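Source: prediction; values computed, not measured.
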Amino acid sequence: MKAKKRYLFLLSAGACLVLLFYFGGGVPLPKARRGGGRERGGREGKREGHQPWPHFSDPLQGFVPSWDHTDTEEYNLHVSPRQKRDVTAGVFRGRGCRMDTCFDSSLCRKHGLRVYVYPLVKGEKISESYQNILSTIEGSRFYTSDPAQACLFVLSLDTLDRDQLSPQYVHNLKAKVTSLPLWNDGRNHLIFNLYSGTWPDYTEDLGFDIGQAMLAKASLSADNFRPRFDVSIPLFSKDHPRAGGERGALRYNTVPPYRKYMLVFKGKRYLTGIGSDTRNALYHVHNAEDVVLLTTCKHGKDWQRHKDARCDRDNAEYDK
């Protein structure tokens, strides 16, 4: 009886193996042919009314490029909508740029450092702050009106304020920039920016891909700052005068220079959100003598709800 059971078990196992190899494509068995002949038209082995079994060993995954994972279930589950847009738009495509990889220094060898400013486009709005930047460049000894002699290019399109709620926000900037004949993926271009995103959710997405362009930006995060390529600039007010006040006390050959103040800052203190930790720590440096750092908590409609123990004192010093 035991020998009979063992025989039936081996027979069943063998039949299962044959079925698996046949349907799984492991060992192709001879196909039946009608009339012992071969069908024409490359349809050998197909019989009328017969639906062939799928070939499960086909490498279907091979038809999907290894870099295209945006439609997989795991990708859609763990990646935020904003990250998907960044992947699609290539916002950070030039994150690895350095002077030796994304800047053509050969343009500077013949004529030196010459800066070309794109001509103003009729009908395009431009802020007074950005107009001051362009006017300063055009009035310098580095300016050239000939793009063939230029080593550096600066847009006339206003990129300072990329807050979509701002009246100075320039729409359709992506299409306008990429259509410039000298853009060349931003190579040898310098982009100025002060504000990006909307409070309190500030972002560093300017609404267009800067490509290989250098970025002169205020409040640039350490994660996106490209060393020896990007430029960190101070955040100044939109109504900051282009020039004015008394002549500075700095003179040549005076080290340290004759001055009353070494460091001065006056601005709003963010109680919550990005940048709040930095602004809230300024009081440690403030000494009210040669280092004067004044901040006010009066920022946003609900600032009183987030006020801390120093707000009243800081607001009083700020308003003096």
Side-chain angles (χ1 to χ4, degrees), residues 86 89-121 124 126-127 129-163 168-170 172-197 202-236 238 240 274-275:
D86 288 348
V91 173
F92 302 108
R93 185 161 47 87
R95 176 171 289 178
C97 276
R98 298 297 184 269
M99 292 298 293
D100 57 342
T101 59
C102 294
F103 190 88
D104 186 2
S105 58
S106 64
L107 299 178
C108 310
R109 293 173 188 154
K110 186 174 182 181
H111 303 285
L113 179 57
R114 308 286 285 175
V115 185
Y116 173 77
V117 177
Y118 283 80
L120 295 176
V121 180
E124 284 290 346
I126 181 171
S127 64
S129 298
Y130 196 61
Q131 180 64 69
N132 289 340
I133 293 176
L134 300 184
S135 299
T136 302
I137 296 175
E138 292 173 346
S140 71
R141 60 187 177 88
F142 302 104
Y143 173 73
T144 178
S145 58
D146 184 4
Q149 297 184 3
C151 169
L152 189 65
F153 299 83
V154 176
L155 303 179
S156 63
L157 297 167
D158 193 344
T159 57
L160 281 187
D161 194 342
R162 301 307 296 157
D163 180 354
Q168 296 179 346
Y169 180 83
V170 178
N172 303 322
L173 193 56
K174 179 179 180 180
K176 295 174 182 177
V177 171
T178 54
S179 63
L180 296 173
L182 301 175
W183 174 242
N184 191 26
D185 194 33
R187 200 169 181 85
N188 287 60
H189 281 67
L190 179 62
I191 306 296
F192 289 90
N193 177 251
L194 293 180
Y195 317 96
S196 56
Y202 291 113
T203 67
E204 296 190 16
D205 185 1
L206 305 187
F208 70 101
D209 183 11
I210 66 174
Q212 302 180 50
M214 294 177 291
L215 185 61
K217 179 174 172 58
S219 304
L220 185 60
S221 70
D223 293 334
N224 292 328
F225 179 77
R226 297 168 294 182
R228 300 182 181 179
F229 192 73
D230 290 331
V231 182
S232 179
I233 60 176
L235 179 64
F236 55 87
K238 294 180 181 180
H240 187 80
I274 299 175

Step-by-step side chain to side chain contact (heavy atoms under 4.5 Å, CB included) determination, Leu155 to Tyr130: CA-CA 10 Å; Leu155 303 179; Tyr130 196 61; 4.2 Å; yes
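- For the residue pair Phe229 and Ala213, the shortest heavy atom distance occurs at CE2-O, 3.6 Å.
- The CG atom of Asp205 sits 10.0 Å away from atom CG of Asn224, with the distance rounded to the nearest 0.5 Å.
- Salt bridge annotation for Lys176-Glu124: present, with a cationic side-chain nitrogen under 4.0 angstrom from a carboxylate oxygen.
- Expressed to the nearest 0.5 Å, how far CH2 of Trp183 lies from OG1 of Thr178 amounts to 9.0 Å.
- When all heavy atoms of Cys97 and Arg226 are compared, the closest pair comes out as CB-NH1, 3.7 Å.
- Below 30°, between 30° and 60°, or above 60°: for Tyr118 and Phe153 the angle between ring planes is between 30° and 60°, a tilted geometry.
- The distance from the CG atom of Leu220 to the CD1 atom of Ile233 is 9.5 Å, given to the nearest 0.5 Å.
- Screening residues 145-159 for side chain to side chain donor-acceptor pair (under 3.5 Å) gives Ser127-Asp158 as the qualifying pairs, with residues at least two apart or on separate chains.
- The shortest distance between side-chain heavy atoms of Asp104 and Arg187 falls below 4.5 Å.
- With a 4.5 Å cut-off on side-chain heavy atoms, Lys217 and Ser196 count as touching.
- There is no side-chain donor-acceptor pair under 3.5 Å between Tyr195 and Arg162.
- Between Asn193 and Glu204, the closest side-chain pair of non-hydrogen atoms is not below 4.5 Å.
- Expressed to the nearest 0.5 Å, how far CG of Leu157 lies from CD1 of Ile191 amounts to 9.0 Å.
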Stepwise side chain to side chain contact (heavy atoms under 4.5 Å, CB included) test for Leu160 and Ile133: CA-CA 10 Å; Leu160 281 187; Ile133 293 176; 4.1 Å; yes
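- To the nearest 0.5 Å, the span separating CG on Leu190 from CG on Asp230 amounts to 9.0 Å.
- Counting heavy atoms from C-beta on, the side chains of Leu180 and Leu182 never come closer than 4.5 Å.
- For the atom pair CD1 of Ile210 and CZ of Arg95, the computed distance is 10.5 Å after rounding to the nearest 0.5 Å.
- Two residues are said to be in side-chain contact when any heavy atoms from C-beta on lie closer than 4.5 Å; Cys151 and Arg109 fail this criterion.
- Taking 4.5 Å as the limit, every side-chain heavy atom of Leu152 sits out of range of all side-chain heavy atoms of Tyr116.
- Side-chain contact check for Leu134 versus Phe192: every heavy-atom pair is 4.5 Å or farther apart.
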